[in-house]
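Below, all heavy atoms of this structure are taken into account, side chains as well, without hydrogens, waters or symmetry copies.
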Amino acid sequence: QVQLVESGGGLVQAGGSLRLSCAASRRTSSRYHMGWFRQAPGKEREFVAAISWGGSLTEYGNSVKGRFAISRDNAKNTVYLQMNSLKPEDTAVYYCAQSSSTVMTTRKAGYDYWGQGTQVTVSS
């Protein structure tokens with residue numbers, strides 16, 4: 001079983017930037033597609049970004065396209081989410097997840113392991 005630990009969340013003003021990190025406990029995580037999701041109070045958990053196991057493919061939710069960038073360093077078993085031009089509506093708990101699906105997916109059901117989440121708060 002793999003453990004995923006997110007870090008890098010915090011409070012930032014609108015227009016600012018944050019970089020989230022997700023460290024995996026096992027080296028084999030480099031063989032899996034990874035994703036970021038977020039959940040705001042009273043809302044469903046929504047897809048933010050995904051990256052293929054080798055890092056060559058990425059996909060983004062419509063609300064973050066052009067502002068967020070997902071990347072990974074398999075030598076460090078770590079996935080990143082660079083968030084720029086943050087808006088108050090980006091406020092949420094951000095979760096890292098690992099998928100065992102052979103095809104990169106945006107669906108929550110396609111992810112098997114989840115981190116505990118890190119809070120991101122964007123003030124106006």
Side-chain angles (χ1 to χ4, degrees):
Q1 189 167 352
V2 64
Q3 288 186 324
L4 303 173
V5 179
E6 303 96 336
S7 61
L11 174 64
V12 63
Q13 287 190 332
S17 298
L18 280 175
R19 187 195 197 201
L20 305 184
S21 298
C22 171
S25 61
R26 293 176 59 178
R27 238 181 299 175
T28 52
S29 292
S30 64
R31 303 176 187 171
Y32 297 96
H33 306 315
M34 300 292 292
W36 286 96
F37 290 76
R38 68 185 182 186
Q39 187 166 18
K43 294 189 176 182
E44 293 285 324
R45 190 170 297 190
E46 67 169 345
F47 169 75
V48 174
I51 188 166
S52 61
W53 68 270
S56 60
L57 296 176
T58 58
E59 192 163 351
Y60 297 93
N62 288 334
S63 60
V64 306
K65 279 181 183 176
R67 300 188 298 123
F68 290 13
I70 188 171
S71 61
R72 66 191 299 164
D73 185 339
N74 286 339
K76 296 182 179 180
N77 303 324
T78 302
V79 178
Y80 305 97
L81 184 68
Q82 178 67 44
M83 306 187 296
N84 300 324
S85 302
L86 283 161
K87 305 175 182 180
E89 50 265 44
D90 293 318
T91 295
V93 177
Y94 283 71
Y95 297 91
C96 172
Q98 178 178 294
S99 172
S100 61
S101 173
T102 55
V103 178
M104 193 172 72
T105 179
T106 65
R107 296 170 55 248
K108 293 189 298 290
Y111 290 81
D112 310 286
Y113 296 100
W114 295 81
Q116 292 300 306
T118 185
Q119 176 70 47
V120 171
T121 302
V122 184
S123 63
S124 57

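- For the pair Cys22 and Met34, the tightest heavy-atom approach, listed with the atom from each and the gap, is SG-CE, 4.4 Å.
- Listed by chain and number, the hydrophobic cluster partners of Leu57 are Met104, where partners are ILVMFWY side chains within reach of under 4.5 Å, directly or through others.
- In this structure, Val64 and Val48 approach most closely via the heavy-atom pair CG2-O, 3.4 Å.
- At distances below 3.5 Å, at least one donor-acceptor pair connects side-chain atoms of Ser99 with backbone N or O atoms of Gly110.
- How far CZ of Arg67 is from NZ of Lys87: 4.5 Å, rounded to the nearest 0.5 Å.
- Grouped with Val93 in one hydrophobic cluster are Phe37, Phe47, Tyr95, Tyr111, Trp114, the linkage being side-chain heavy-atom contacts under 4.5 Å among Ile, Leu, Val, Met, Phe, Trp and Tyr residues.
- Tyr80 and Met83 are not part of a single hydrophobic cluster, where members link through side-chain heavy atoms under 4.5 Å apart.
- No donor-acceptor pair under 3.5 Å is formed between the side chain of Arg72 and the backbone N or O of His33.
- When all heavy atoms of Ala24 and Val2 are compared, the closest pair comes out as CB-CG2, 4.2 Å.
- Residues Thr105 and Ala50 come closest through the heavy atom pair O-CB, 4.0 Å.
- Looking at every heavy atom in both residues, Ala49 comes nearest to Leu81 through CB-CD1, 4.1 Å.
- Between the side chain of Glu6 and the main chain of Gly117, a donor-acceptor pair closer than 3.5 Å is present.
- Two residues are said to be in side-chain contact when any heavy atoms from C-beta on lie closer than 4.5 Å; Thr91 and Gln119 meet this criterion.
- Here the side chain of Tyr60 pairs a donor or acceptor atom with the backbone of Ile70 at under 3.5 angstrom.
- At a threshold of 4.5 Å between non-hydrogen side-chain atoms, the residues Phe68 and Asp90 count as touching.
- From Leu20, atom CG reaches atom CD of Gln82 across 9.0 Å, with rounding to the nearest 0.5 Å.
- We find the CD-CD distance between Gln3 and Gln98 to be 12.0 Å, quoted to the nearest 0.5 Å.
- Between Ser56 and Ser52 the shortest heavy-atom distance is N-OG, 3.2 Å.
- By the side-chain hydrogen bond (donor to acceptor under 3.5 Å, both in side chains) test, Glu46 is found to be paired with Arg38, residues two or more places apart in sequence or in another chain being considered.
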